[in-house]
Amino acid sequence: MSATITLDDRVAHRLREQNPGLDVGTLEPLLGGHSGLTYKVQTSDGDLVVKAVPEGQRPIGRHDMVRQARIMETLGATEVPVPRIVAVDEDGPAWFAMECVAGESLEPVLDSPPVEPAVAAARMRRAAAVLPLLHAVPVDTIPAAGDPLSPGAELARWKRTLDAVPPDLVSGGDELLRLLAADLPEALAPTLVHGDYRLGNIIACGTEPVALIDWEIWSLGDPRVELGWFLVFADGANFPGVGRAVPDLPSEDELIDLYIGDHPALPDMNWFNALGRLKMAAIMGHNLRRHREGRHHDPDQERLPDTIAQLIRSGTALLA
């Protein structure tokens with residue numbers, strides 16, 4: 001095939017190789033993603049979503065489409081709900097196609113349109129009950145997983161992110177870092193972690209989770225890191241000026257209990273809850289910095305300072 005062939009042609013050619021006579025439409029960009037290129041394409045066998053490495057980008061990190069496809073293929077044989085992978089093309093720029101799962105993926109405390117409170121609460125409870133299925137996947141079945149990240153390695157990663165943000169944008173962050181570093185928990189046995197497990201990355205049909213999406217940053221790590229991140233989104237009070245209060249969402253304690261089930265209590269969850277808040281503060285501080293430096297114009301970032309301060313303040317209170 002010619003080196004100048006378009007992505008549309010490559011996708012259509014591969015899909016028809018697998019299914020002769022298939023009608024394949026043109027790729028329609030899907031907005032909102034932050035890694036790679038994402039498209040929707042209509043076929044005579046149903047709609048598909050295509051993710052591709054941007055032209056000129058190296059297929060590493062968030063742009064490693066083959067790695068994303070392989071973990072979803074692996075999980076297709078488990079109880080973890082993921083989209084079915086239809087095709088993978090490893091030739092550069094790499095891409096893969098997956099089924100387009102019907103439903104909605106909204107973060108109740110942040111996204112629009114608002115989710116009806118009873119539906120939001122039910123989705124959050126179901127997500128807490130599904131997360132153990134992900135963490136139970138045998139690590140020896142996971143391809144190209146890499147070395148697991150300990151709590152200390154996670155903290156070091158987010159310290160680097162926070163250190164790159166001007167201190168006035170993340171006031172108090174240094175004290176929260178100090179408290180976290182002073183009492184590092186002993187690592188649990190590593191599990192598969194999605195890296196951004198929350199309702200915004202779970203397609204739901206009604207209240208039932210039907211597909212966990214956006215696998216850009218999966219790894220092996222301490223499962224409590226993932227649970228602590230999930231808990232950040234359980235309370236709109238964590239996001240003043242940015243989010244909303246959603247009545248009757250389950251408490252953090254209830255979500256932890258749903259995750260644990262009949263298993264022993266998890267130690268040091270305050271530490272991991274505080275780490276989740278530090279991570280979000282660091283991400284928001286980084287985004288605000290990029291806006292103020294003119295690297296990515298987005299006036300909405302000026303709504304973040306109160307949320308950053310609240311995340312750091314509440315994270316510090318958990319450890320003080």
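Computation of the quantities below employed the complete heavy-atom set of this structure, encompassing side-chain atoms and omitting hydrogens, waters and symmetry-equivalent molecules. Remember, it's a predicted structure, so these values are computed and weren't measured experimentally.
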Quick one: are [X] and [Y] in side-chain contact, heavy atoms under 4.5 Å?
X      : Y      : result
Leu37  : Leu27  : no
Thr207 : Arg125 : no
Leu199 : Asp111 : no
Asn238 : Phe233 : no
Ile71  : Val82  : no
Val130 : Pro81  : yes
Val109 : Leu249 : yes
Thr161 : Ile283 : no

Does [atom1] in [X] sit with more than 12 non-hydrogen atoms of other residues, nucleotides or ligands closer than 6.0 Å?
X      : atom1 : answer
Glu293 : CD    : yes
Asp298 : CG    : yes
Glu17  : CD    : yes

- [ ] Mind running side chain to side chain contact (heavy atoms under 4.5 Å, CB included) on Glu104 and Arg123 for me, showing each step along the way?
- [x] CA-CA 11 Å; Glu104 62 179 12; Arg123 286 179 182 175; 2.8 Å; yes
Looking only at atom types and distance, does a side-chain atom of [X] sit under 3.5 Å from a main-chain N or O of [Y], one as donor and one as acceptor?
X      : Y      : answer
Asp64  : Arg67  : yes
Thr307 : Pro240 : yes
Asn201 : Asp196 : yes
Trp218 : Gly195 : no
Glu116 : Ala118 : yes
Arg295 : Asn287 : no
Arg62  : Glu216 : no
Ser314 : Leu311 : yes
Arg126 : Glu208 : no
Arg10  : Asp91  : yes

Give me each pair satisfying salt bridge (charged side-chain N to carboxylate O under 4.0 Å, His left out) with a member in [range], each pair once, sequence neighbours excluded.
range            : result
residues 270-287 : Glu252-Arg277
residues 223-234 : Asp222-Arg224, Arg224-Asp268
residues 142-152 : none

What closest approach, in Å, do [X] and [Y] show between heavy atoms, and which atom pair accounts for it?
X      : Y      : value
Val232 : Phe239 : O-CE1, 3.5 Å
Ser112 : Arg244 : OG-NH2, 3.3 Å
Leu180 : Leu275 : CD2-N, 4.1 Å
Trp95  : Ala52  : CB-CB, 3.7 Å
Leu318 : Asn270 : O-ND2, 3.7 Å
Leu15  : Ala87  : CD2-CB, 4.0 Å

Open item on the list: Test question: given the 4.5 Å side-chain rule for I, L, V, M, F, W and Y, name all other residues clustered with Leu106, or answer none.
Closed with: Val115, Val119
Drop me the distance from [X]'s [atom1] to [Y]'s [atom2], to the nearest 0.5 angstrom.
X      : Y      : atom1 : atom2 : result
His286 : Arg289 : NE2   : CZ    : 7.5 Å
Gln42  : Cys100 : CD    : SG    : 9.5 Å
Leu177 : Thr316 : CG    : OG1   : 9.5 Å
Leu288 : Gln301 : CG    : CD    : 6.5 Å
Lys51  : His63  : NZ    : NE2   : 10.5 Å
Leu266 : Ile260 : CG    : CD1   : 4.5 Å

Joint hydrophobic cluster, [X] plus [Y], side-chain heavy atoms closer than 4.5 Å:
X      : Y      : result
Ile85  : Leu30  : yes
Leu133 : Leu75  : yes
Val193 : Leu149 : no
Leu227 : Leu319 : yes
Leu169 : Val242 : yes

Task: Evaluation steps, side chain to side chain contact (heavy atoms under 4.5 Å, CB included), between Met98 and Arg84 - done: CA-CA 5 Å; Met98 57 186 165; Arg84 178 177 59 89; over 6 Å; no
Task: Asp140, Thr141, Val139 screened by side chain to side chain contact (heavy atoms under 4.5 Å, CB included) with Val137, the one that passes - done: Thr141
- [ ] Determine, stepwise, if the pair Leu278 / Leu155 fulfils side chain to side chain contact (heavy atoms under 4.5 Å, CB included).
- [x] CA-CA 9 Å; Leu278 175 82; Leu155 182 60; 4.0 Å; yes
Open item on the list: Under the rule for salt bridge (charged side-chain N to carboxylate O under 4.0 Å, His left out), what residues qualify as partners of Glu28, not counting sequence neighbours?
Closed with: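 So Glu28 forms no salt bridge (charged side-chain N to carboxylate O under 4.0 Å, His left out) with any residue.
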Task: Test log, rule side chain to side chain contact (heavy atoms under 4.5 Å, CB included), inputs Ile5 and His13 - done: CA-CA 10 Å; Ile5 192 169; His13 179 82; 5.5 Å; no
Open item on the list: Please list all pairs meeting ring-ring contact (aromatic ring centres under 6.0 Å, His included) that have one or both residues in residues 161-200, counting only residues at least two apart or in different chains.
Closed with: His194-Trp215, Tyr197-Phe230
